[in-house]
Amino acid sequence: MASSSRLSGAHAILLAIHFCVTGDVSRLSQLQAQYPRWLPTERLLRIILTFLPESCPPKTYTSVVEALVDGEHAISTAAELDTSAVQNLTETIARKRVRKVRLLPLRHPDDEDTDDSTDLLTQFLIHRAHRIDSETALQPLILDLLVPFYPRSPILRTWLISSLLPLLRLNYEYYPSQDETFSLDILESMDNSIAINVLLSMTGNTKTSMDLVQNLRGLVGAWMYGSNRTKRRKLNEVAQQNTLSLPQDDVRPKTNAGVGWQQVNEWLLARSLVDHESAVNAFTNWDGPEDVDLGGYAEEDPHLPRGELKDLRMRYGQTGLAVVYANADVSAAALDGSTKVLARIASFLDLEQHLSLRDDDAELPSVVFDSDQISSTSRVSLMQNALLTTSNPLTRPSAASISFLSAICVSLQVLSELGHPMPCRTAANLCLHSNVDTQLLEMRGVVQSMIRQSKPGRDWGKVRRQLLWLRGWVADHTSRQNNIGPAYHGIFWRVEREVVEVEVLKALLEVREYKLAVDIYISSDSTLTSSKVEEAVKETIYTAYDNASNGNRTRGGMKRAYEILQAFQPHFSGSIALKQVGALISATHSLSFYSLTLQHGVPFQPVSIRVHSDPLSLIEKVLEQNPKSYTKVDDLLAIGRNLVAAGFSPRLSDHHEASTLGPLSEQDAILTAERRIMSLAINSALTSHDFGTAYSYILTRLTPTSSASTPDTTLTDDITWRTVYSAGRYRPPPPSTSTPPTTQSQITHLTQRMELLSLALILVPSDHPDPLPEILGAWRRCDEELGNLRTQESLEEDIWDTKGDLTSSLTMQSLPGGFGPADSSEQDALETRQHQARRARAHTSHHRLNHEEAPMGLFEVARGAALALQKNAFPLRAAATKTTTTASPSFPHHDNNGFTPSSSHTATASSSHARTDSVVSAENYELGGGAPSDRVRKRDVVSNMVTDGLVSGLGWVLGAQPVNRS
């Protein structure tokens, strides 16, 4: 072994390099002791840094490094150094090689924390750690390198905890199975925002609920320990300059650590929006910035100033409240998580006494809080970028904010139980910033949700108490005498209690809780007045009615409406509204038995009646679409009466409603409706060619107005005379068979038509004379046709008699023992008797035609029809009849058939016309009633018209000729 005494300085440097390359660094201290001028500590550390393999275990050289740094040299009695590796080199060659050596700087280029140039050890260790990581990626070797030295240097301790410890935990402890590992250089290049996002987002790849808490403690907590490092500050400043974002807070934290932890708070808030469960787990298991895991390399307390530590705690608590407000998940699990976060924050900040949470099925609490702070908020306060501002009274932890948010959480629980879940932000906004209309609309949505999800056995009394609590946040047992609470008390606090009770009543009726509704609201201590209850009942009935698809009251919505009516009508016996509802239901039920389709093929529904401008016109459609339905006139009349009783006008159109006639009384309205329905039934019968039924209806049902009532005369008479006139104009269709109608049946039909036309002439309103000429013309045509039929009937009788006589004669001759042609005297006698019989029949027929059944004058027919109807179906005014009897003693006496008997057979046309005019005048006086000065009588117009017509020859045109009595 060569002696080291022969070595020069260049040889000593080369020998130190040789020791490092070969991994034998134990002699470096001895070598330095022999050549201190050429091998100072810094140079030796640089040689080790440059040439010692990074894979070399740190325990083989940490003691040497420590000795070098501490200046402890090897004793002189140590074994001689082996210099064989360099002793054969000449001085020139040695110097030349030394000049080619490029030693690494002791300080790492990215190390900005070791400003003290005398701290050689720290610089060497940090640089050596980077070399080990970049060359071998054996990061545990770095820890072995630093452990012996970190207590000696605060910078080294901070670097170990804030950089190396998170790296080791990421790659080897928490997520060892990940495909890619993080390097020291990558981690050191991150600013706070990136590092926090990376370190906390690692939890997205696992299913362990504690991952986020673990990362907050072990990764972020360790990382934040180095917040004051120079490099970190510079990186954060650059990142802040390059980031275009709105400030999250009006008062930023004062320290770098505070800024970093606030970024953690922002990340937690953002994470809760996508993974609420993990955020809830973090807040329930992590105590904020104080709860960190530094691996035992430093005290857990970061030694922050007391004021800053308090601010960090408040900001963390504010983040928890913000997570509750920001939660948009309305599931039961999410709501339970929000409640846990709120309880945890209240406990963390010693504000538990202001909580108003409840356990399952516990009594709802009374919530009292200082509303002055809460009422100062705006809608902006509930936006995500404002939830973490320190000036936000909703999220900044305080007695008021904790009480208010706990009340909101309980409200959300109640809403969820009622089947109407709601996000927390929506509920808070509804309570604080919505007007009464919005709150009422939302409350009605809650009620509808309850109704849709109603199940048998539900406690609707509890439901009512819950709704009332949502309005006032007042426990049921709390006295309401001094209910002067804070301004904001309940999410529906702007809605009057009476309105809430009305909505509850409607809900009870909707779900068929009739007995409970009666027990609560028809009692002495009811919170609703009788009128309010009645109005709510009526509205609910109409709602069920309008939603019904079938008019039968035993099915669907009609059944519900009928049941509600039956449950409450006994308690409102004098209610006009409920009586109208009952009549409407009865009418609708009766209509449901008929086939009825509206325009465009739309089937009839109950609501069609309510929206129709003239519901009585639906009966016309019933008659059109249901054959022979006119025969059920009593049923139709009952429907009409019920429609009138339900409050619908019986008038023909809106024009009458707006006229000066004024509203009808109930009796007159019913009479008018009956007139309309009878008119429709008669027209339907005529359309079906059932003249007999129409004629019968006119005689027995379509009566003029009696003196006992005073309806809308214009409307009633207009309906009546038009209907009668329509029936009088009716002509039967041609027979469908080869058998023609008999002459007698035609005469009977014409006689009935003339009777109806005469009646129509009587019923025409006095202020409406225009149709008189038309009626007169129709009557004249019937009269002419009747005369022709009478003549035809007489001829048919003569033919029939002649035929009968001839047949009788032939029969007598053919009988055994009969008379033959030789009995001429007897034959002549027979013919003489037959001739005399024919002359007698002709004379009798002619006399009957002229005296008994002769075509009577038009006005005589009118009078005869009026008298006949007066006796049978048309009771006219008794007073008018009495007046006529006393006022007209000089009128000619008429027999029961309306004719004037006279022995004279030579009466002139003028006397006949004069008599006719007298008859008309008398008849007019009877129909008008009262004294002549009362008003213009109905028939005066007709009388004057006829008188004028006679003068001008119109009487002849109309066929008003005197009766032939000769």
- With a distance cut-off below 6.0 Å to the six-membered ring centre and an angular limit of 45° from the axis, does Arg313 pair with Phe348 as a cation-pi contact? yes
- Message: Restricting to salt bridge (Lys or Arg N to Asp or Glu O under 4.0 Å), what partner residues turn up for Asp185, sequence neighbours left out?
- Response: none
- Item | Within-4.5 Å side-chain heavy-atom neighbours: Thr122 and Phe149 | no
- Query: Of all heavy-atom pairs between Gln214 and Tyr174, which one has the smallest distance, and what is that distance?
  - Reply: NE2-CG, 3.3 Å
- Do you know the tightest heavy-atom contact between Pro53 and Cys20? CD-O, 3.3 Å
- Examine Arg232 relative to Trp223 and say whether NZ or CZ is less than 6.0 Å from the centre of the six-membered ring and inside a 45° cone about the ring axis. yes
- Message: Test your reading of the model: is there a side-chain donor-acceptor pair from Asn429 to the backbone of Arg425, 3.5 Å cut-off?
- Response: no
- Short side-chain to backbone donor-acceptor contact, Asp144 and Pro58, under 3.5 Å: no
- Message: Between Glu91 and Lys96, is the salt bridge (charged side-chain N to carboxylate O under 4.0 Å, His left out) condition met? List the steps.
- Response: CA-CA 8 Å; Glu91 182 68 19; Lys96 185 177 181 180; over 6 Å; no
- Task: Would you please test Ser162 and Arg229 for side-chain contact (heavy atoms from CB on, under 4.5 Å) and show each step?
- Result: CA-CA 9 Å; Ser162 63; Arg229 291 174 53 191; 3.3 Å; yes
- Salt-bridge test for Arg107 and Asp119: reply yes if a basic N is under 4.0 Å from a carboxylate O, no otherwise. no
- Just how far is it from atom CG of Leu184 to atom CG of Asp110, taken to the nearest 0.5 Å? 9.5 Å
- Walk me through it: do Gln373 and Asp370 pass the test side-chain hydrogen bond (donor to acceptor under 3.5 Å, both in side chains)? CA-CA 7 Å; Gln373 285 182 307; Asp370 182 8; over 6 Å; no
- Gap between atom CD1 of Ile161 and atom CG of Leu146 - 0.5 Å precision: 11.0 Å
- Query: Do Trp286 and Glu290 touch side chain to side chain, with heavy atoms closer than 4.5 Å?
  - Reply: no
- Task: Quick one: pull up CD1 in Ile47 and CG in Leu39 and give me the separation to the nearest 0.5 Å.
- Result: 6.0 Å
- Please step through side-chain contact (heavy atoms from CB on, under 4.5 Å) for the pair Arg46 and Leu104, ending with a clear verdict. CA-CA 6 Å; Arg46 293 179 65 187; Leu104 293 173; 5.9 Å; no
- For the residue pair Ile186 and Met190, establish whether any side-chain heavy-atom pair is separated by less than 4.5 Å. yes
- Rounded to the nearest 0.5 Å, the OG1 atom of Thr136 sits from the CD1 atom of Ile142 at a distance of 7.0 Å
- Task: Measure across Val280 and Gly337 and return the closest heavy-atom pair with its distance rounded to 0.1 Å.
- Result: CG1-O, 3.6 Å
- Gap between atom CG of Leu145 and atom CZ of Arg131 - 0.5 Å precision: 13.5 Å
- If you take all heavy atoms of Leu89 and His11, which pair is closest and at what distance? O-NE2, 2.6 Å
- Asn281 side chain near Val213 side chain, heavy-atom distance below 4.5 Å: yes
- Message: For the residue pair Thr390 / Asn392, report whether a side-chain donor-acceptor contact shorter than 3.5 Å exists.
- Response: no
- Message: For a side-chain contact (heavy atoms from CB on, under 4.5 Å) check, start with the C-alpha distance between Asn265 and Gln318, then their side-chain angles and the critical distance, and finish with the verdict.
- Response: CA-CA 9 Å; Asn265 293 335; Gln318 183 172 7; over 6 Å; no
- Message: Evaluate Phe283 against Tyr316 for ring-ring contact (aromatic ring centres under 6.0 Å, His included), listing each step before the verdict.
- Response: CA-CA 9 Å; Phe283 279 98; Tyr316 175 65; 5.1 Å; yes
- Query: Going through the distances and angles, do Glu188 and Trp159 end up as a side-chain hydrogen bond (donor to acceptor under 3.5 Å, both in side chains)?
  - Reply: CA-CA 10 Å; Glu188 285 275 84; Trp159 188 86; 3.1 Å; yes
- Task: Over all heavy atoms of both residues, which pair between Leu269 and Ala326 is shortest? Give the atoms and the distance, please.
- Result: CD1-CB, 3.9 Å
- Message: Between Asp133 (side chain only) and Gln139 (backbone N and O only), is there a donor and an acceptor less than 3.5 Å apart?
- Response: no
- Task: Answer yes or no: does atom NZ of Lys340 have more than 12 heavy-atom neighbours from other residues, nucleotides or ligands under 6.0 Å?
- Result: no
- Task: Over all heavy atoms of both residues, which pair between Leu216 and Ala282 is shortest? Give the atoms and the distance, please.
- Result: CD1-CB, 4.0 Å
- Message: Between Asn215 and Tyr175, do the side chains contain a donor N or O and an acceptor N or O under 3.5 Å apart?
- Response: yes
- Item | Any Ile194 side-chain heavy atom under 4.5 Å of Ile196 side chain | no
- Message: Whether the side chain of Thr395 engages the backbone of Leu387 through a donor-acceptor N/O pair (distance < 3.5 Å, no angle test) should be reported.
- Response: yes
- Message: Does Asp293 form a salt bridge (charged side-chain N to carboxylate O under 4.0 Å, His left out) with Arg169? I'd like the steps, not just the answer.
- Response: CA-CA 11 Å; Asp293 181 6; Arg169 285 173 171 170; 3.2 Å; yes
- Do the side chain of Ser403 and the main chain of His354 share a donor and acceptor less than 3.5 angstrom apart? yes
- Specify whether His127 and His108 have parallel, tilted or perpendicular ring planes, treating 30° as the upper limit for parallel and 60° as the lower limit for perpendicular. perpendicular
- Task: Could you tell me whether the side chain of Pro423 reaches within less than 4.5 Å of the side chain of Asn327, counting heavy atoms only?
- Result: no
- Item | Any Leu388 side-chain heavy atom under 4.5 Å of Gln262 side chain | yes
- Ignoring hydrogens and angles, tell me if any N or O in the side chain of Thr22 forms a donor-acceptor pair with the backbone of Phe19 under 3.5 Å. yes
- Message: For a side-chain hydrogen bond (donor to acceptor under 3.5 Å, both in side chains) check, start with the C-alpha distance between Asn197 and Gln263, then their side-chain angles and the critical distance, and finish with the verdict.
- Response: CA-CA 9 Å; Asn197 187 56; Gln263 290 175 329; over 6 Å; no
- Query: Would you find more than 12 non-hydrogen atoms of other residues, nucleotides or ligands less than 6.0 Å from Arg233 atom CZ?
  - Reply: yes
- In Å and rounded to the nearest 0.5 Å, what is the CG to NZ distance from Leu312 to Lys310? 12.5 Å
- Please check if the side chain of Thr319 supplies one atom and the backbone of Arg315 the other of a donor-acceptor pair under 3.5 Å. yes
- Does Leu342 reach the side chain of Ile402, with side-chain heavy atoms less than 4.5 Å apart? yes
- Task: Verify, without hydrogens or angle tests, whether Ser401 (side chain) and Ser398 (backbone) share a donor-acceptor contact under 3.5 angstrom.
- Result: yes
- Is the side chain of Ser338 donor-acceptor paired with the backbone N or O of Ala334 at a distance under 3.5 Å, no angle test? yes
- Query: What's the verdict on side-chain contact (heavy atoms from CB on, under 4.5 Å) for Ile374 and Phe404, showing C-alpha distance, side-chain angles and the deciding distance?
  - Reply: CA-CA 8 Å; Ile374 305 301; Phe404 177 77; 4.1 Å; yes
- Query: For the side chain of Arg271 and the backbone of His276, is there at least one donor-acceptor N/O pair under 3.5 Å apart?
  - Reply: no
